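One structure is given here, and the rest of the page talks about it.
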Amino acid sequence: AAPPFPGRRAARGRPPAEAPRAVCDLAAIIGQAVELVGPQCRHAGTTLTWEPPTARCEVLGDAVQLGHLFGNLIGNAAEAAGPGGGVTVTLGAATGRERSGAVVEVSDTGPGPSADVADRLFEAFVTGKEQGIGLGLAVAKQAADAHGGAITWERRAGRTVFRVTLPEDVTQSRQAAEKKEEQGRRE
């Protein structure tokens, strides 16, 4: 299988809107981000849970940017959860208002952002960390926006949950087109 981050050098330095687009296997991209953060979690005693979906989930996008988006979210969640905490990553199909697309949630058991930065989390150079510079979530938002998606956060059941929605699950669209084509042949 091809690496989930092809063309890493070619995309470097380009604004997100100009990055190349291709069909991306979202589970593979998230899986690689989980693998990269795994040693950090094991070292800190943080539980990292990721169960890839059984159905393939593909989006049209730039694998490098998406890798940065999910790497930043999962890495931040691991730091926020801390020793003995937990991080959970899920991937599913968008439903309801979100129409066709993919939804990724990264949640952690950390305390959540402090009140003085909560409203500005996605702005550059805003951080609640002593050692942070405040670019991770700004980069994540830029990548989500460049893909026609959105990123939000909330506190839910004692967890901090970051939710990324990306439009147009290519797999769902392809299956719908194939189904429509087959129905046309039957008629």
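Please read these numbers as outputs of a predicted model, since none were measured by experiment.
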(request) In sequence, state the C-alpha distance, the side-chain angles, and the governing distance for Q142 and Q65, and then conclude on side chain to side chain contact (heavy atoms under 4.5 Å, CB included). (result) CA-CA 9 Å; Q142 185 180 35; Q65 285 183 0; over 6 Å; no

(message) With side chain to side chain donor-acceptor pair (under 3.5 Å) as the rule and sequence neighbours excluded, what pairs involving residues 146-155 come up?
(response) E154-R156, R155-T160

(message) What I'd like to find out is whether the side chain of W50 reaches to under 4.5 Å of the side chain of L91, using heavy atoms alone.
(response) yes

(request) Could you tell me which non-hydrogen atom of V106 sits nearest to which non-hydrogen atom of A77, and how far apart they are? (result) CG1-CB, 3.7 Å

(message) For a quick test of reading the model, state the closest non-hydrogen atom pair linking A102 to C57 and the distance between them.
(response) CB-SG, 3.6 Å

(request) Could you tell me the separation between the CG atom of D108 and the CG atom of L48, rounded to the nearest 0.5 Å? (result) 11.0 Å

(request) Taking the side chain as every heavy atom from C-beta outward, state whether L121 and F162 have any atom pair closer than 4.5 Å. (result) yes

(request) Say whether, by atom type as modelled, one donor and one acceptor occur between the side chain of T88 and the main chain of S107 under 3.5 angstrom. (result) no

(request) Any chance you could measure L66, atom CG, to D25, atom CG, to the nearest 0.5 Å? (result) 11.0 Å

(request) May I have the step-by-step check of side chain to side chain contact (heavy atoms under 4.5 Å, CB included) for L73 and V104, ending in yes or no? (result) CA-CA 10 Å; L73 287 181; V104 179; over 6 Å; no

(request) Begin from the C-alpha positions of V64 and H68 and carry the test side chain to side chain contact (heavy atoms under 4.5 Å, CB included) through to its verdict. (result) CA-CA 6 Å; V64 174; H68 288 304; 3.6 Å; yes

(message) Using every non-hydrogen atom in the two residues, find where I29 and C24 come nearest and quote the distance to one decimal.
(response) CD1-CB, 3.7 Å

(message) For a 4.5 angstrom cut-off between non-hydrogen side-chain atoms, does I151 reach R163?
(response) no

(message) Are L137 and V117 connected into the same hydrophobic cluster when the rule is that any two of I, L, V, M, F, W, Y join if their side-chain heavy atoms are below 4.5 Å apart?
(response) yes

(message) Which heavy atom of G86 sits nearest to which heavy atom of T109, and what is that distance?
(response) N-OG1, 2.9 Å

(message) Consider side chain to side chain contact (heavy atoms under 4.5 Å, CB included). Of T46, T47, I74, which one does C41 pass it with?
(response) T46

